[in-house]
Amino acid sequence: MALQDRLLQQLRTVLPGATDIAITAELWEVWNDVCRDGYVWRETIEVPLVAGDQSYTITVSGAEVVQVFSVSHDTMDVSDVVYEFGTLQLISASPTAADVAEGPLALVVALAPALDPGGDVEAWMPSDLWSQLHHVLLAGVKAKVMAQPAKPYSNPQMAAFHAREYRGYKAAEKRRVATGNREGAVTWTFPPFAVPSLRR
Amino acid sequence: MPLSTVGDYVTEARRLLQDQTAPYRYPTTEIQEALGAGLVEMRRLRPDLFAAGIVQNVDWATSIATAVTLEQMYRMALIYYMVGHLLLRDEEEGQQQIARTYKQQFGAQLVSLAV
């Protein structure tokens, strides 16, 4: 049984007359939105260093980087790095042979799908996220599909209900990922204007 | 799987038209033309049923063994269109009303949960 079967079976049940193609198309839209707005798909990418090289192209198979949260290395100072348009630029530090020997750079990034929507649904996301985000994807797809006009499954009222449900689940997942799944963790910080050291 | 080929659609349409004994009132070529017209009409109402927006070309010259690619759930709706389309050529008011009913059933099944 494929990972997406449970999700698709539940959607077929509540969306009479909907084709698998229509459901899958909206599933792609929801998954893309959850990744770009909720940063729920996070990975740690290892970037092998090259001595003297300060510019590295970051590519992820089947995905694109939407946010870099942190860059770390055991010996090299990586406090001054910039990530832009797929390239990681080390501004002041230049890797030495000793830095290279210590291992690769570790980037914690948020990803979004960059696959052809017609591709294999099973490969859209890591296998654990199918279960973890099941309720989010279910609510989001219901909302989008039911909002379509002139269809057997059109239902504006239920579409609005599921849309609210989806926004709530997405916000909860965003917070859960941001806090590392720690109950009661604080994620806010003082705004820069209130902290002199952060003012530019 | 029912209603897989052009011949299946022609046979089913003849069953509803009560035209199963030769010589036929409705020629097979006309029924096939109605099938092609129905597919185009389905494309207008439900473009999501057609991959890349491409409608399979079915006309009077199409072989009856040709497979018709269509979502299973909407194959009977296509039959209703075909029957309604063919009945429209009759001049009796009763037949005209039946033709309109079939066409309405076709449309209703595509855009709502009509049985």
Side-chain angles (χ1 to χ4, degrees), chain A residues 2 4-5 7-33 113-124 137-163 166, chain B residues 1-6 8-9 12 16 35-58 66-85 100-115:
Chain A
Q4 79 271 23
D5 283 354
L7 180 69
L8 289 180
Q9 188 55 39
Q10 285 188 276
L11 288 169
R12 291 184 193 116
T13 304
V14 298
L15 301 170
T19 61
D20 282 2
I21 293 175
I23 292 175
T24 306
E26 295 293 2
L27 177 60
W28 167 265
E29 295 297 329
V30 172
W31 169 232
N32 190 42
D33 178 59
L115 295 167
D116 177 1
D120 181 17
V121 178
E122 195 76 2
W124 284 3
L137 299 175
L138 191 63
V141 175
K142 283 183 197 176
K144 286 186 176 292
V145 176
M146 288 182 178
Q148 293 179 8
K151 300 289 192 303
Y153 41 84
S154 300
N155 192 329
Q157 292 85 356
M158 288 306 296
F161 168 77
H162 289 300
Y166 166 65
Chain B
M1 188 178 300
L3 300 176
S4 304
T5 65
V6 172
D8 292 341
Y9 281 91
E12 185 62 27
L16 289 178
L35 172 58
L39 287 171
V40 172
E41 192 66 11
M42 287 183 87
R43 168 66 176 86
R44 181 179 71 84
L45 293 173
R46 294 290 305 275
D48 58 299
L49 296 177
F50 298 89
I54 299 172
V55 181
Q56 182 178 359
N57 183 44
V58 176
T66 302
V68 178
T69 305
L70 187 65
E71 179 69 38
Q72 290 182 51
M73 292 184 284
Y74 298 102
R75 294 179 184 180
M76 275 311 298
L78 184 55
I79 290 288
Y80 296 141
Y81 180 90
M82 292 166 63
V83 174
H85 186 77
R100 281 193 289 272
T101 301
Y102 271 112
K103 283 205 157 182
Q104 286 168 358
Q105 180 68 11
F106 159 76
Q109 284 196 337
L110 288 184
V111 301
S112 69
L113 277 177
V115 178

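These figures come from a predicted structure and were not determined experimentally. Sequence lines set the chain letters: A, B, ... in the order given, protein chains first and strands last, and positions in each chain run from 1.
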Are there donor-acceptor atom pairs under 3.5 Å between chain A and chain B, and if so which?
{"unit_1": "A:Gly17", "atom_1": "O", "unit_2": "B:Tyr74", "atom_2": "OH", "d": "2.3"}

The criterion is side chain to side chain contact (heavy atoms under 4.5 Å, CB included); which residues satisfy it with A:Ala143, sequence neighbours excluded?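 Applying side chain to side chain contact (heavy atoms under 4.5 Å, CB included) to A:Ala143 gives A:His162, A:Ala163.
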Chain B contact via A:Ala18 - which portion, at a heavy-atom distance below 4.5 Å: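 It is the backbone, since no side chain atom gets that close.
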Among A:Ala22, A:Ala25, A:Gly17, single out the residue with the greatest number of heavy-atom pairs under 4.5 Å to chain B.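 Most heavy-atom pairs under 4.5 Å with chain B: A:Gly17.
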Please report the shortest heavy-atom distance between B:Leu110 and A:Pro152, naming the atom on each side.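 Nearest pair, atom of B:Leu110 first, then A:Pro152: O-CD, 3.3 Å.
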